[in-house]
Amino acid sequence: MQISSAVAPAPPSSGLGYGPPTSLASASGSFPNSGLYGSYPQGQASPVSQAQGHPGIQTPQRSAPSQASSFTPPVSGGPRLPSMTGPLLPGQGFGGPSVSQPNHVSSPPPQALPPGTQMTGPLGPPPPMHSLQQPGYQPQQNGSFGSARGPQPNYGSPYPAAPTFGSQPGPPQPLPPKRLDPDAIPSPQLNELPPQQKTRHRIDPDAIPSPIQVIEDDRNNRGTEPFVTGVRGQVPPLVTTNFLVKDQGNASPRYIRCTSYNIPCTSDMAKQAQVPLAAVIKPLATLPPDEASPYVVDHGESGPLRCNRCKAYMCPFMQFIEGGRRFQCCFCSCINDVPPQYFQHLDHTGKRVDAYDRPELSLGSYEFLATVDYCKNNKFPSPPAFIFMIDVSYNAIRTGLVRLLCEELKSLLDFLPRECGAEESAIRVGFVTYNKVLHFYNVKSSLAQPQMMVVSDVADMFVPLLDGFLVNVNESRAVITSLLDQIPEMFADTRETETVFVPVIQAGMEALKAAECAGKLFLFHTSLPIAEAPGKLKNRDDRKLINTDKEKTLFQPQTGAYQTLAKECVAQGCCIDLFLFPNQYVDVATLSVVPQLTGGSVYKYACFQVENDQERFLSDLRRDVQKVVGFDAVMRVRTSTGIRAVDFFGAFYMSNTTDVELAGLDGDKTVTVEFKHDDRLNEESGALLQCALLYTSCAGQRRLRIHNLALNCCTQLADLYRNCETDTLINYMAKFAYRGVLNSPVKAVRDTLITQCAQILACYRKNCASPSSAGQLILPECMKLLPVYLNCVLKSDVLQPGAEVTTDDRAYVRQLVTSMDVAETNVFFYPRLLPLTKSPIESTTEPTAVRASEERLSNGDIYLLENGLNLFLWVGASVQQGVVQSLFSVSSFSQITSGLSVLPVLDNPLSKKVRGLIDSLRAQRSRYMKLIVVKQEDKLEMLFKHFLVEDKSLSGGASYVDFLCHMHKEIRQLLS
Amino acid sequence: MATYLEFIQQNEERDGVRFSWNVWPSSRLEATRMVVPLACLFTPLKERPDLPPVQYEPVLCSRPTCKAVLNPLCQVDYRAKLWACNFCFQRNQFPPAYGGISEVNQPAELMPQFSTIEYMIQRGAQSPLIFLYVVDTCLEEDDLQALKESLQMSLSLLPPDALVGLITFGRMVQVHELSCEGISKSYVFRGTKDLTAKQIQDMLGLTKPAMPMQQARPAQPQEHPFVSSRFLQPVHKIDMNLTDLLGELQRDPWPVTQGKRPLRSTGVALSIAVGLLEGTFPNTGARIMLFTGGPPTQGPGMVVGDELKIPIRSWHDIEKDNARFMKKATKHYEMLANRTAANGHCIDIYACALDQTGLLEMKCCANLTGGYMVMGDSFNTSLFKQTFQRIFTKDFNGDFRMAFGATLDVKTSRELKIAGAIGPCVSLNVKGPCVSENELGVGGTSQWKICGLDLTSTLGIYFEVVNQHNAPIPQGGRGAIQFVTHYQHSSTQRRIRVTTIARNWADAQTQLRHIEAAFDQEAAAVLMARLGVFRAESEEGPDVLRWLDRQLIRLCQKFGQYNKEDPASFRLSDSFSLYPQFMFHLRRSPFLQVFNNSPDESSYYRHHFARQDLTQSLIMIQPILYSYSFHGPPEPVLLDSSSILADKILLMDTFFQIVIYLGETIAQWRKAGYQDMPEYENFKHLLQAPLDDAQEILQARFPMPRYINTEHGGSQARFLLSKVNPSQTHNNLYAWGQETGAPILTDDVSLQVFMDHLKKLAVSSAC
């Protein structure tokens, strides 16, 4: 894609342009945003360096905002600004001339205003940041895309503006970076007309949409007021924004996020747009402390009220008629009688008088108590059990894992999840150790000593004892403690290196079956299971397969035994959490099949050493054991007539096409559901989703959790594009692609992604943006980050592995991503890079991130980088000595130990702040991120650079700019 | 040697041998006409307090096919230091150690009184005895408790260096590791799955871990075999541990729902026990002691399903071919028994339950390996407790009365061949010149293995005279038989006992009287009975009876004196006089009659019949009845209903039961309490006398008999009534009203009727 191709045909290209082709104005256009910032100091345009600068320039600062809006009608705050009048803005925006609009505009025209309005209009925080966006980037141009031509002013603008896009908030502007890249700096000022000429010139990275800017804008605009869910089809704030949710009839975005909140009425439209219609559902999401968890509703013996035909559960969208004697199902339109005990009069608006007393009539999310009809075998479930299954082969003993784990379990068992309010957890525990045989332990409270029972018949697993295997922690504490004390001793001299795997899970499952309960197995495993037993594996790691048609086999399980086993586990409600401690290839692709299909988690600690990895492991373990889990769950997503859930992604098992079966489901697990049209939707009634999750709580109570969400429907593509959420889209596309690698060559998967993305954008360009030069790249406001994020997905380890990425790592990541929620995929694909010394030490807020590119790193600074799994502290070579001293307690840069994983605890503000920041970052993530200190120019830096996703990667992944150019080319091809 | 009776008795005491014929017909033809085959009951370890073992090894004939042991019947050339083998006539040089031999300086084995001699072998590593307890945990609480106590007690009786192991089973099978401290550890196996020995050893970790241990401690090769198995440990090391472990044994925890039998994996438990020993201590004396309280209900070897409504098979079911599991189970246990025998181990079965426990299917485990079989109602009875204790009694030397891993090698002079053996043994399939083609019992070999034996274990060994009629044996010629028994003494030494006997040949045509006089009717009865019982295992009951009857008739024809067609003239000489009566009782015995017995009981009775010595066997065939009265000392009386008198106390010993029966009057007296009155002290003594005698029998017998104390009209009196000859029944009321005993309600023929028929048939020329 390099540039060249781009050819700039178009003279017109005002190119870069943001929209405003022509005009210099355009330049301004770009800024518009800045407008926003405007508020900031930027005013002083002067600081070229500073993005803001531009704004300054722009006369029409205000206009800027407007423009924004105009452009991408998108949600961007723009609309909200009351000040800006929607429609007008557009025009002005640019400076001008209506012309400008074209690009962005597409949408705007019609609803220019509306956008604003519609979008969250009312609520919307004032500052419309986005505006800049689209326009901004047309950049492709560097010469390459034709754009660059004369008009470029844009260009110019962009640069300076660069920041603009992002509309970065003033402060953080990473201008400096530019410097780093001489090339990039074509010219500080747009004025430098000739940009175009330098065909070959690189596009100024600052001129293209910046994730940082978008995130910051959303934070500023929407982070302050609560998000109230009462209105249908509102696009929620970004996942990166910290906001409060008030449930007024639709499920919180913490439970459900959609790729678009306004979906096309017809499948033709949907096909044309190619925007996937998907919802990312996290049914048991943990809420922040200031949001109430769902109410539990008890409908008594008759069970929850449901539609007779489609079985949808009572929800706020159900229409009561005939004075309240009947209700019409909002999903299938069936008319049902209201049972006498549920009858209530309607008020003059046709609403039930008691609507606000009943969660199921007024809230988006709530729970029903299930009756016995909802239970397996028509019996209320017993409380679930946790079984700890510990590998005690030589490797596990040698690394100290077993000792560490046993020690930890002693205290951890006091923190088993419990129903809120319960005094002690109802969960029973059991213990198994294994190498190539299994050892069960009888820890009955009446025993003086635990008893060990060895089962060597791994070919035909069974549970050797009933009574005394699963026990209440408090009753059997003495025996359990004694057991945990003895396990490390008993196996201290073991020489057994071989392990089994399938029989271990089978044993756990059989134990649960014998105890007639659901539960979770915690499996601590070290090596490839090569002992003679079902599910025996061989080392089939073969890097030569990479980039061949056979590469997919690396992601597929070696044998079918694992799937079969998983199926049995699901039937029993047995969920598996797998902790891996491999020294070498363990075939994660195969081993993770069972956790994956049972709704469990996989944790991997390569080359585990107690000294280095203890904290990470223990922290993960504690969180994993303590987290609230629903067992033996079935999830069903119902939709109103017209669309249908057709595809599901996540960690679960499906035995038919509609029911998602989850042996276990915790608050971190997400299911992504894709919808397709099977009929026309109605603009008026919109589209409804109801996700019902039947599960057993950790106290053994059978419950149904219901989430409802209403979406708008549209007949105009522009509405669709204006209400999309790129983060969710990326979540879907990543999961789609990651599943694709199981069946297709990786190359094909990548191409599919690119094509789809190009189609989405081309459709927008064709249908929503007003005509303009083909040389311009015009992106919808809501999707202006699509290219950069998509590029990150494309060059992720799974789709484009670097030389140092192991097969296991790829399989591991692949399965991790499968159940990630939107926030996790967001940061996973586009890591956060936080400068530590830029802001004053006293400031208590998190520093503003900078873009993930080497150009943005200043060698006099220190940065933290995190992606949800990894955490790096990058130290520039010329960092002030004082900083080094206060952080590392060594006197110079050269004395810092590279690869350090713990910062010394020092009593100075900087140290405290950094450590505090690290802690808070870790607290935000579901997995503990181990810190790695990387020094500039050090060997480890390679590793670090891998995460600078806007740069070209060593494995051949394109830089952001290059990719954008390529994307532009693709779009143009489609358009022509 | 005045009479044959004395001769026989003397021979039995010295050599442990009783022959059916003590003078042998000299040709094949004549021998077959004798009806009762030439055979003997041989008790290899006949207790010989007066026989100290010699501390050297036997001298063998150098002919590879012979290898007979030097014995008093050999001709010795003291000058040339040569000896001639009396079996193959090979001339052998004495070994150098015998250099000083002369007429006056003979080694013991040449002296006539040492026709039986025992050698001690010093070679080879000694390995300790091994006791592997295989314990059923599907028992009632008090049963289990009693069993646990018995087992704990037994630990104190075992030799301190003996190895013990423990396997428990119920729904699962647990092999307990005994060495570990702290946490108790066991290996668990599914009770439904049969495993090969290799799999079992792999799963118990017996194959691999042994290797590193060996390498790690090359310094103590001697000790190695003793410690290689974590499952078998010396008693003295772990008796505390094991006592605790046994104490903590719980009933099988798996729930048994209403209407079900507990799931009991006896088949797999045994299989694992066998596999464990096979892998660790092959060819070392070891007892697998199975304690079970019910039938195997799952897995290989299951005898009945777990549905209580389907009862365990009865003889009726078996006849109707209705016993679903029998064949498969039997095959499983037979396979195990054969493996065990091949390893030189033995299996004891202690089955205590009110219902059957599957002894029918499992019998071969004990029968083929020389193990014990004990059947009782509950582990909480003295019958079990004392029987079990008695296994560990010691002889006058302080040694256990048990021996292991014996092979019995029989050599004959060339006029004889070996037809087979019946007893607790398996064939070693050693073909040789002295093996006959006609098999009686377990044949086709001259060697048998007896994995477990005690001082009374007795084999019936059957021979065939092969000398042709036209090759007369010179006057005064003698046939010889040598029994060579290699075994592991309970002191763990290897020993060899050699018994060499010789009998005269006689021409049956000219010396029939002679042969007749040397007939041992007791031995003959037992030997014929063993043949009958042996047949009964594989043939239909009536066929066996018919065969027995035919033999009896033929014998009477041959040796009776009578006029043709005149039953009244029939007479039998003294040496045959009791034989028909034995046969009469044998026909009625539980060994051949299955009526009123469960298949398990039949198996149990037959098991004991096939291993006891002559005296005990005779008691089993024809129980002994003593009568106690005021009229004199206790006297043996006829086993006849006429002996049941109102003023007598009867004591019957059937081997399996001791019955004390009070006559009607006595019972009334006792009820009236006369025994408590000082003036009737003699009555008290009378009541006491049979009790004391019974006690004496109880003390000595193994297994401990069922002790029944009953009286006239008591329900338990049936044990007596079913045994006595029904001379008076409801059918022949002519004796009614006389004071001659009690009528028996039965349709069985009485001895008198039987004899009448026999006479008639014997004198008839028709057959």
Side-chain angles (χ1 to χ4, degrees), chain A residues 394 431-433 435-444 446-470 479-491 493-498 500 503 506-507 510-511 514-516 531-533, chain B residues 137 168-177 179-196 198-213 215-216 230-231 241 244-245 247-256 263 265 268 272 275-276 298-299:
Chain A
Y394 177 72
F431 301 88
V432 171
T433 58
N435 37 49
K436 67 178 199 186
V437 300
L438 277 77
H439 320 110
F440 293 77
Y441 296 93
N442 184 348
V443 284
K444 204 164 147 180
S446 59
L447 293 175
Q449 278 284 336
Q451 292 175 347
M452 175 194 215
M453 304 175 108
V454 185
V455 173
S456 338
D457 188 3
V458 290
D460 191 7
M461 206 54 216
F462 62 96
V463 185
L465 76 171
L466 191 59
D467 198 20
F469 179 62
L470 295 177
V479 192
I480 292 178
T481 307
S482 158
L483 172 66
L484 292 172
D485 281 337
Q486 290 187 59
I487 287 178
E489 306 304 329
M490 273 190 293
F491 299 99
D493 301 325
T494 186
R495 309 231 140 196
E496 187 56 71
T497 54
E498 294 187 0
V500 294
Q506 213 159 22
E510 294 287 346
E516 295 181 328
E532 200 52 60
Chain B
T137 54
T168 56
F169 66 95
R171 181 168 172 148
M172 311 276 171
V173 180
Q174 276 176 271
V175 184
H176 296 265
E177 195 173 306
S179 55
C180 47
E181 311 253 308
I183 213 163
S184 75
K185 194 168 167 186
S186 59
Y187 283 67
V188 188
F189 294 82
R190 194 189 272 267
T192 50
K193 187 173 164 190
D194 201 11
L195 299 164
T196 64
K198 169 93 175 42
Q199 283 173 312
I200 290 169
Q201 287 152 24
D202 282 349
M203 290 181 185
L204 291 176
L206 296 177
T207 34
K208 247 203 227 149
M211 300 293 285
M213 205 183 266
Q215 292 159 351
R230 290 156 290 151
F231 305 103
N241 236 336
D244 292 347
L245 187 58
E248 279 191 11
L249 272 191
Q250 298 295 317
R251 294 180 62 196
D252 195 50
W254 299 87
V256 180
L263 288 175
S265 325
V268 171
I272 289 171
L276 170 61
Q298 69 167 359

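It should be emphasised that the depicted structure is a prediction, and the values quoted were computed from it without experimental measurement. Lettering of chains follows the sequences in order, A, B, ..., and the numbering in each one begins at 1.
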Need one label for A:L465: side chain, backbone, both or neither, based on atoms under 4.5 Å from any heavy atom in chain B.
backbone
A:S456 OG to B:D202 CG distance, which is reported to the nearest 0.5 Å
9.0 Å
Who are the side chain to side chain donor-acceptor pair (under 3.5 Å) partners of B:Q174, not counting sequence neighbours?
B:S186
Check: B:P255 and A:L466 side chains under 4.5 Å, non-hydrogen atoms
yes
List the residues meeting side-chain contact (heavy atoms from CB on, under 4.5 Å) with B:D244, not counting sequence neighbours, and say none if there are none.
none
Measuring from A:D460:CG to B:K193:NZ, what's the distance to the nearest 0.5 Å?
4.0 Å
Neighbours of chain B found in residues 480-488 of chain A - heavy atoms under 4.5 Å
A:L483, A:Q486
Measure the CZ-CG distance between B:R251 and A:D467 for me, rounded to the nearest 0.5 Å.
12.5 Å
For A:E489, is the CD atom crowded, meaning more than 12 foreign heavy atoms sit under 6.0 Å from it?
yes
Between A:P464 and B:V188, which heavy-atom pair has the shortest distance, and what is it?
CB-CG1, 3.2 Å
Yes or no on side chain to side chain contact (heavy atoms under 4.5 Å, CB included) for A:Q451 and B:E248, after CA distance, side-chain angles and deciding distance?
CA-CA 11 Å; A:Q451 292 175 347; B:E248 279 191 11; 3.3 Å; yes
Nearest heavy-atom pair of B:F189 and A:F462: which atoms, and what distance?
C-CZ, 3.3 Å
Those residues at least two apart in sequence (or on a different chain) that pass side-chain contact (heavy atoms from CB on, under 4.5 Å) with A:M452 are A:H439, A:Y441, A:V454, A:M490, A:F491, B:K185
